[in-house]
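Quick notes on the structure that follows.
Proteins get letters first, then strands, A, B, ... in listed order; numbering begins at 1 in each.
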Amino acid sequence: MKQEIFTIESNKKIAKDIFLMTLCGDTSAITASGQFVNIQIDGLYLRRPISVCDYSDGKLILIYKVVGKGTEIMSTYSAGKELDILVGLGNGYNLDKCGDTPLLIGGGVGVPPMYNLCKKLRDEGKKVTVILGFNSKADVFFEEEFKSLGANVLITTADGSYGIKGFVTDAMKDVEYSYFFTCGPEPMFKAIEAVAKTSGQYSFEEKMGCGFGACMGCSCKTKYRNKRICKDGPVLEREEIVW
Amino acid sequence: MVNTKVNLCGITLDNPVIPASGTFGFGYEFAEIYDINCLGTFSFKGTTKDARFGNPTPRIAECSMGMINSVGLQNPGVEAVVSEELPKLKQVFTKPVMANISGFSVDDYVYTCQKLNGQEQIGWFEVNVSCPNVHGGGMSFGTSPEAAAEVTKAVKAVADKPVIIKLSPNVTDIVSIAKACEEAGADGISLINTLLGMRIDLKTKKCVIANKMGGFSGPAIFPVAVRMVYQVYDAVKIPVIGMGGVSTAEDVIEMMLAGATAVQVGAANLINPYASKDIIENLPSVMEKYGIKNLNDIIGGAH
């Protein structure tokens with residue numbers, strides 16, 4: 001973990017309630033896909049945890065959904081503004097066991113962390129399938145971005161207004177995969193858990209106090225021991241999760 | 001050169017700044033980012049006889065100038081603290097640490113104290129009779145002078161180290177409880193624990209915290225804490241540790257003027273992981289700004 005000042009380069013709306021923020025600053029504390037940052041927001045006491053969509057040397061990309069006061073304030077920020085950010089939080093995805101044909105499943109605001117993960121897996125030469133689930137056509141984002149990484153991309157919408165009608169699990173039926181990685185809402189996780197044919201990793205969300213393991217605000221039980229979503233997670237392996 | 005050293009129950013602290021229990025774990029998360037030996041000491045995560053998972057989540061809620069937590073004394077239990085946490089802590093912290101203990105019966109407190117008593121790393125016991133987040137324990141001991149005195153007496157009977165009783169602000173008369181603890185043999189008083197609070201989500205129309213209520217902390221409670229420290233300082237002769245919303249070196253000095261010998265920093269550590277270090281680094285220049293050469297000269301200075 002590092003505490004760093006980042007400067008906003010751009011902050012624009014890319015879908016309904018979804019914003020993409022590009023920032024400049026020291027990203028050296030980020031060590032894995034699926035990690036998150038914790039951002040100090042003007043006028044609020046607690047920082048706001050946001051998953052990392054992509055990062056490179058000196059550049060950070062976040063995609064967030066306006067869901068409450070914190071993200072609403074973030075959406076008003078413009079280029080040039082400086083933000084105090086804790087960088088490199090959480091464990092992130094472990095790529096060691098994923099085989100040659102990993103499946104990535106992102107639901108709504110769980111889509112962003114799949115991007116850097118997809119990039120890493122493609123760099124390793126994996127044949128990657130990505131399923132992105134949204135409610136409706138207006139919510140869809142990053143389809144082309146995933147395609148340009150060379151992934152096989154399937155889009156689902158609950159109302160059928162775009163792509164495959166239904167949920168991510170409807171798209172999973174016809175996909176062959178060696179392992180899966182997912183991030184999204186818990187009802188989606190439970191649906192995936194019911195049909196998944198391989199091992200995999202789920203990235204969880206919880207209200208956090210500190211984001212770096214000090215306050216025990218975001219604890220959960222696993223089959224083996226108590227874990228802190230912020231420090232020992234947010235990514236948990238399928239085999240350890242207590243549903 | 002200014003003097004920031006203070007004496008807390010017979011042990012000299014390099015400075016009066018002490019991260020508060022529950023906001024600093026067992027120190028390692030912070031030791032990863034700075035040398036925690038700069039601290040006066042710190043009060044480790046509230047420890048109970050048995051391991052506890054604590055309350056259901058969500059346990060955290062945002063508030064104006066503060067936060068609510070309802071962790072519920074999650075800890076690995078005193079045996080694991082002795083066998084795992086303390087040896088790990090020894091690698092990163094060489095000063096005496098403050099052992100924060102909690103319980104659900106007088107026997108629990110005594111058991112936990114006895115298990116930790118022989119550990120040479122421990123400088124003080126901080127006995128939490130004020131956790132607002134567990135039922136049938138914690139705060140129930142801290143809300144009556146008789147019960148607080150009973151715990152104090154029982155822990156004092158077995159403890160080889162100074163015993164500091166941590167009090168709840170969720171009472172009608174904190175002074176009578178502080179006095180009862182002093183009469184029962186307490187070596188010090190620390191206050192305040194969190195204020196009982198609640199937030200309701202307008203979208204779901206339900207309480208934000210799964211346990212409905214939780215402990216409210218952060219800068220919003222600072223004036224309440226200063227007032228209570230002031231009142232308790234007037235009523236007892238033993239040292240008082242002030243806490244509640246302390247976030248800056250100025251807050252430390254204000255707390256000491258109210259009567260605190262040492263000052264704990266809580267929620268601020270969660271918002272800015274360097275908060276305690278920053279306060280310690282800023283303290284000498286803030287002292288100079290206000291013409292303070294020796295912190296010991298200002299303890300209770302506002303009285």
Side-chain angles (χ1 to χ4, degrees), chain A residues 1-5 28-29 31 37-49 66-73 83-90 186 204-234 242, chain B residues 19-20 22-30 32-34 42 45-46 51-76 80 199 201-203 208-210 214 216-220 245 247 266-275 278:
Chain A
M1 171 176 72
K2 267 191 184 173
Q3 183 176 19
E4 294 292 338
I5 301 296
S28 61
T31 55
V37 297
N38 214 0
I39 308 177
Q40 200 161 67
I41 313 259
D42 302 285
L44 298 182
Y45 192 63
L46 296 171
R47 289 172 183 266
R48 292 299 190 269
V66 175
V67 289
K69 219 183 250 180
T71 43
E72 199 177 306
I73 296 170
L83 293 178
D84 175 334
I85 304 183
L86 300 180
V87 198
L89 304 178
E186 268 199 57
F204 285 83
E205 204 175 38
E206 187 51 80
K207 280 205 161 66
M208 293 175 186
C210 62
F212 53 88
C215 75
M216 317 301 271
C218 61
S219 297
C220 72
K221 289 178 182 171
T222 72
K223 284 181 187 158
Y224 315 114
R225 64 184 179 101
N226 297 333
K227 285 196 167 182
R228 298 159 293 182
I229 294 293
C230 71
K231 177 93 176 178
D232 311 309
V242 178
Chain B
T23 66
F24 215 73
F26 288 88
Y28 343 116
E29 282 76 24
F30 295 86
E32 282 175 22
I33 57 167
Y34 70 86
F42 78 92
K45 176 72 189 157
R52 286 179 53 83
F53 174 71
N55 291 332
T57 55
R59 297 174 172 181
I60 303 288
E62 165 88 28
C63 304
S64 294
M65 295 298 281
M67 62 181 286
I68 291 176
N69 90 81
S70 159
V71 170
L73 294 175
Q74 181 175 352
N75 79 93
R199 292 305 309 270
D201 185 324
L202 301 193
K203 281 184 195 158
V208 174
I209 299 278
F216 178 35
S217 62
S247 312
N269 294 306
L270 308 179
I271 305 314
N272 168 13
Y274 295 94
D278 289 349

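Contacts between M65(B) and chain A at a heavy-atom distance below 4.5 Å involve the backbone alone (N, CA, C, O). Of the two parts of A267(B), the backbone and the side chain both hold a non-hydrogen atom closer than 4.5 Å to a non-hydrogen atom of chain A. Heavy atoms of K221(A) lying under 4.5 Å from chain B belong to its backbone as well as its side chain. With a 4.5 Å cut-off on non-hydrogen atoms, E32(B) touches chain A through its side chain but not through its backbone. For F26(B), no part lies under 4.5 angstrom from a heavy atom of chain A. For a residue to count as touching a neighbouring chain, one of its non-hydrogen atoms must lie under 4.5 Å from one of that chain's; by this rule P273(B) touches chain A with backbone and side chain alike. Using a 4.5 Å cut-off between heavy atoms, N75(B) does not touch chain A at all. In this structure, the portion of I33(B) lying under 4.5 Å from any heavy atom of chain A is its side chain and not its backbone.
You'll find the side chain of E72(A) stays beyond 4.5 Å of the side chain of I41(A), heavy atoms only.
Comparing R225(A), R48(A), K69(A), Q40(A) by how many heavy-atom pairs each has under 4.5 Å with chain B, the most go to R48(A). Note: G66(B) leads G66(B), G22(B), P56(B), G25(B) in heavy-atom pairs under 4.5 Å with chain A.
Across A20(B) and G266(B), no two heavy atoms sit closer than the pair CB-CA, 3.9 Å.
Side chain of N55(B) to backbone of S70(B): a donor-acceptor contact under 3.5 angstrom is found. Although no hydrogens or angles enter the test, the distance criterion places no donor-acceptor pair under 3.5 Å between the side chain of R228(A) and the main chain of G233(A). No side-chain donor-acceptor contact under 3.5 Å links Q3(A) to the backbone of I85(A).
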Atom pairs and distances, side-chain donor-acceptor, residues 207-219 of chain A, under 3.5 Å, sequence neighbours left out:
| residue | atom | partner | partner atom | Å |
| --- | --- | --- | --- | --- |
| S219(A) | OG | M216(A) | O | 3.4 |
| S219(A) | OG | R59(B) | NH1 | 3.4 |
| S219(A) | OG | Q74(B) | OE1 | 2.5 |
| S219(A) | OG | Q74(B) | NE2 | 3.3 |

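For R47(A) and E62(B), the salt-bridge test fails: no basic side-chain N is under 4.0 Å from an acidic carboxylate O.
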